[in-house]
Amino acid sequence: MTVPPAILEAYDPERFRADGHRLIDAMADQLARWHAREGAVLPWRPPAEARDEWPVDPTPHRPSAVLRGQAAPDLAARSPHRPSAAGGDAVDDLVRIAAASTALAHPRCMAHQVPPPLPSAVLAEMVSALLNNGMAVFEMGPAAVPIELTVIDWMCGKLGLAAGAGGVLTSGGSLGNLTALLAMRQAHAGFDVWKDGAHAGPPLAVIVSSEAHYSVARTLRVVGWGDGGAIAAPVDAHHRLTAAAVEAALARARGDDRRVIGIIAAAGSTATGAFDPLDELADVAEAQGLWLHVDAAHGGGLAMSARHRDKLRGIARADSIVWDAHKLLMMPALVTAVLFKRESHAYEAFAQQASYLFAEAQPAATWWDLGTRTLECTKRMMAIELWVAIRAHGDAWFGEVIDRQCELAAQLAARVTAASDFELALAPEANTVCYRHVDPAITNAHDRAAALDAHNRALRQRVVEDGRFYIVGTQLPSGYHLRSTLMNPLAEPADLDDLLDHLRALCRA
Ligand SMILES: Cc1ncc(COP(=O)(O)O)c(C=O)c1O
């Protein structure tokens, strides 16, 4: 039985080489255009129109309307190889996708907490896809598994966790928060939830900040605790969850039939980038026998900066921590570490055994089988991205990036404060800035707060549809604010001036 030509052609290493060279050339050209601030950050299309532009059937070829309105990207020469039987060209298609996507590498992208990924890590990601080692068991990741454990040790070390700490990488902070909460529940519920079910004991709850990321609220519903599973404690004027607020929430919960088993703190909250006082919260957790989980999905990266790591003081006392490398560590999504003060807790989230996979007969061997610690069975070789990047650039490089992001945020905040037509919501602690435009015409409006909210919502929508900058928005207790997380270390202070001028121009238009 011979291999059919179409199969041989698709797997031909020479075709891969030729297409790969064309693709890298085209992507490098695209990166250079973005870095030069050419083209849109957000090539906005009304969603219904955008949907019609990407037919799976490549014939007849319909150029994207997004590209029709812009300078055409330098499409590399077509494949020297025979076109695929279906008629599409993967490289051309990928180039078109890049041109129609939100350009995180563009220095005027100042929106979500998602970085322009480090190119060396992007190459590692490609190799991860090519090797496709699933990693649930050591034999499906003989390089990737020890590299992941090395990277986990490195991350534990950066946060100052004591010997005996450990963890696992998983796909995203949301899944990371779920994993940590499952471990917390198994360790502190007082009954065997895994074996006997969630209702074999009293209902459970955790104390959470009123500004916790929505994945925390979701996790509590996923585990079946319902609305009562989250006891929300209000934040202070700096948007931080204080020990006093936790103690008050605990006192309120005392009369309930719920058993409170933990506190969920944030090191870098999503809305404002506020850092909870972790040392104080660890004191309360210790005194009350509670598990302390720190959602450091965003702020964990501050550990790399001598200037900013103090904001994480106390994090080493947490029982579990989530840290997204695809935020401040500049990795492509998704690379999330779930770290435990006691590595044994890493096995409690998923206490189940799958005998066909894991080496039950030799428990020591399962230590290498990472599938025992994650919801995922097959997962990407995500550790190799970070490992390659650390080795290529060195630890200090990450500190430099983070210092620059925080400095850009401080400079944006300073410009907002100095401007009479903008208002700063709060001083940024790291690289997230919340601000709003104050239209002088609104000052005397009957309901100023509602009018300001509507004005800034409409302004943000205009920014999105214009596409030359990208910012997001957030609802704070003081009103709706524009929000910029300065993730791109290639941004310059002049881009910040241009952003404010751009907003003013959109208001005038
Ligand atoms: C504090 C915090 N926790 C969790 C998450 C969720 O992380 P992911 O998007 O990786 O699922 C985010 C995302 O922005 C976040 O800011």
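When a ligand or atom number is given, it counts from 1 through the structure's own listing order. Source: prediction; values computed, not measured.
- Partners of R468 according to the side chain to side chain donor-acceptor pair (under 3.5 Å) rule, which considers only residues two or more places apart in sequence or in another chain, are D466.
- Annotation for ligand 1: atoms under 4.0 Å from non-hydrogen atoms of G268 are 1 (C).
- Near A297, meaning under 4.0 Å from one of its heavy atoms, ligand 1 places the atoms 2 (C), 3 (N), 4 (C).
- For ligand 1, the polar-atom distance check finds an N/O of K327 within less than 3.5 Å of one of the ligand's N/O atoms.
- Ligand-side atoms of ligand 1 in range of Q113: 14 (O), 16 (O), range being under 4.0 angstrom from any heavy atom.
- A donor-acceptor pair shorter than 3.5 Å can be found between the side chains of H393 and S120.
- Protein heavy atom in closest approach to atom 6 (C) of ligand 1: H213 CE1, 3.4 Å.
- Remark: R380 engages E125 in a salt bridge, criterion side-chain N to carboxylate O under 4.0 Å.
- Atom CD of E465 has more than 12 neighbouring heavy atoms from other residues, nucleotides or ligands inside a 6.0 Å radius.
- For the pair A296 and ligand 1, no heavy-atom separation below 4.0 Å is found.
- Contacts between H326 and ligand 1 below 4.0 angstrom, taking non-hydrogen atoms only, involve the side chain exclusively.
- Atom 3 (N) of ligand 1 has its nearest heavy-atom neighbour, among D295, T270, T336, in D295.
- A salt bridge between E429 and K311 is absent, with no side-chain N of the basic residue lying under 4.0 Å from a carboxylate O of the acidic one.
- Taking the ring-ring contact (aromatic ring centres under 6.0 Å, His included) definition, one finds that Y480 meets it with nothing, sequence neighbours left out.
- At the shortest separation from atom 8 (P) of ligand 1 among protein heavy atoms lies G173 N, 3.3 Å.
- R240 and E280 are not joined by a salt bridge, as no carboxylate oxygen comes within less than 4.0 angstrom of a charged side-chain nitrogen.
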